[in-house]
Amino acid sequence: MENQKKSVLSCIQPTGAMHLGNYFGAVKNWVDLQKDYQCIYGIVDYHAMTMPYDIKKLRTRVWDLITDLVATGVEPENLFIQSLIPEHAELCWIFNCFCSYGNLTRMTQFKDKSNDSQAKSKDNFISAGLLDYPVLQSADILIYKADFVPVGKDQDQHLELTRNIAQRFNTTVGKEYFVLPKSLHSDTPKIKSTADPSRKMSKSAGEKHFINVFAEEARIRKQVRSAVTDTGDTKAGTMSEGVENIFQLIQACENRPTEYAELMKDYENGELKYSDLKDVLAEALVELTNGFKLKRAELNENKRELKYKIKQSSEAIRKVAQETVKEVKDLVGLMNVKF
Ligand code: TYM
């Protein structure tokens, strides 16, 4: 008898372009895991509402991100759009009652993003949704009873909270109902900004702090050329964060192994030229992303077919979510209507 495959769940926010941090930190893993696991991946538009956003752009961003994900190798039948599965929000409410307020205020992303949100809004507005965001994330994960969650390092604290909620729920209802999910990291779980390697690559920090996977070739080359290598405050004998980040990116591309080894040797011998290092990274990225761009152009020729597939896959995935919510409502003493 065939063993049941372990399940994998992960999500991404439709808040703009997919950058190299998203790709190497998470999405590349999503693609690889599809061979051996039962995978479900979400575009989380409810999450994208927690910060000030442009209503007119949100739907387009969802479809663009779906096209990008499929172009990089994610199977359309594994994808869902969060707002097509309202059970996520329903389970989030139930989980709110299994999560302490204090835990939410301790989330470092809440602290960082609330400053950012305040700065972006005209009236110093921080939404309650931003505080509650990790509870919705826990619902995203637990609703599919995921064993593994492939994410970047920045999500570890949210995963810890998810396990806390699952544990509290299990103890309260007196049943080991939810499995405790584990995060899965790639070899590059924290890609840094090439403009400022002391911070992670992210969209919220501004244009120069992320490299868009689908950017024009000339833009990728320009951003790599201007990457910060050494700010002069690195301890002797240790590699600077900027140089380390570039080495990691070259390795993650997996298409320049010989050059990587030679550059590393140059570094160890104290003969590394930063311009050579950057040239190799630019070539590696251009080669990798050109393949994605071709695939995306093909997909864009038949947008309707892709949209149809995603609506179908969201409907199929919703059945799993409905089943979980029905069981959870039974367990916590709420009413159930047949669906
Ligand atoms: P988001 O949309 O910010 O990022 C999507 C994925 O990309 C990873 N990532 C990075 N990895 C390495 N280096 C970086 N610089 C970098 N920047 C981003 C993120 O860790 C993430 O895996 N809260 C999540 C979305 C979410 C989610 C979930 C994830 C909602 N529900 C359920 C997993 C499971 C977020 O904002 O990711």
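One-based numbering, in listed order, for ligands and for the atoms of each.
- Taking every non-hydrogen atom of I12 and a distance limit under 4.0 Å, the qualifying atoms of ligand 1 come out as 2 (O), 5 (C).
- Taking the six-membered ring for Trp and the full ring otherwise, H19 and F214 have centroids separated by 6.0 Å or more.
- The atoms of ligand 1 that sit less than 4.0 Å from any heavy atom of A26 are 6 (C), 7 (O), 22 (O).
- The aromatic ring centroids of F247 and Y260 lie less than 6.0 Å from each other.
- Using a 4.0 angstrom heavy-atom cutoff, H19 counts as in contact with ligand 1.
- A donor-acceptor contact under 3.5 angstrom links the side chains of D156 and H185, judged on distance only.
- Polar contact with ligand 1: absent for L9 (N/O pair, distance under 3.5 Å).
- Residue contacts with ligand 1 for H47 involve side-chain atoms from C-beta outward but no N, CA, C or O (heavy atoms, distance under 4.0 Å).
- Considering only non-hydrogen protein atoms, atom 18 (C) of ligand 1 sits nearest to N22 ND2, 3.3 Å.
- The aromatic rings of Y144 and H88 are tilted relative to each other, their planes meeting at an angle between 30° and 60°.
- Aromatic pair Y41/F80: ring centres not closer than 6.0 Å.
- Neither the backbone nor the side chain of V27 has a heavy atom within less than 4.0 Å of ligand 1.
- Atoms of ligand 1 found under 4.0 Å from any heavy atom of V149, numbered from 1 in the order shown, are 33 (C), 34 (C).
- In terms of polar-atom proximity, K203 is not counted as a contact of ligand 1, lacking any N or O under 3.5 Å from an N or O of the ligand.
- When I141, L136, D140 are ranked by how near their heavy atoms come to atom 31 (N) of ligand 1, first place goes to D140.
- Which parts of ligand 1 touch G25 is read off a 4.0 Å heavy-atom cut-off, strictly below it: atoms 11 (N), 12 (C).
- Proximity of M201 to ligand 1, defined as any heavy-atom pair under 4.0 Å, is shared by backbone and side chain alike.
- Nearest protein heavy-atom neighbour of atom 10 (C) of ligand 1: G21 O, 3.3 Å.
- Among protein heavy atoms, the minimum distance from atom 20 (O) of ligand 1 is reached at D154 OD1, 2.4 Å.
- Atom CZ of R318 has more than 12 heavy atoms from other residues, nucleotides or ligands within 6.0 Å.
- Residue-ligand proximity: S10 is placed with a non-hydrogen atom under 4.0 Å from ligand 1.
- In summary, the side chains of Q251 and D187 do not present any donor paired with an acceptor at a separation below 3.5 Å, with no hydrogens or angles considered.
- Using a 4.0 Å cut-off between heavy atoms, Y133 contacts ligand 1 through its side chain alone, with no backbone atom that close.
- Ligand 1 has no nitrogen or oxygen under 3.5 angstrom from a nitrogen or oxygen of K153.
- When distances from atom 3 (O) of ligand 1 to the protein are checked, no heavy atom turns up under 4.0 Å.
- With no hydrogens or angles considered, a side-chain donor-acceptor pair links Q13 and Y133 at under 3.5 Å.
- The protein non-hydrogen atom at the shortest distance from atom 13 (N) of ligand 1 is I191 N, 2.9 Å.
- Scanning the protein for heavy atoms near atom 25 (C) of ligand 1, the closest one is C11 O, 3.8 Å.
- Heavy atoms of other residues, nucleotides or ligands lying less than 6.0 angstrom from OH of Y274 number more than 12.
- With no hydrogens or angles considered, a side-chain donor-acceptor pair links H158 and Q137 at under 3.5 Å.
- In this structure, atom 37 (O) of ligand 1 lies nearest to the protein heavy atom Q155 NE2, 3.8 Å.
- Using a 30° and 60° split on the angle between ring planes, F169 and Y177 fall in the tilted class, from 30° to 60°.
- Among all protein heavy atoms, the one lying closest to atom 12 (C) of ligand 1 is P189 O, 3.1 Å.
- Enclosure of atom CE in M264 by more than 12 non-hydrogen atoms of other residues, nucleotides or ligands within 6.0 angstrom is indicated.
- In the displayed structure, E216 atom CD is contacted under 6.0 Å by at most 12 heavy atoms of other residues, nucleotides or ligands.
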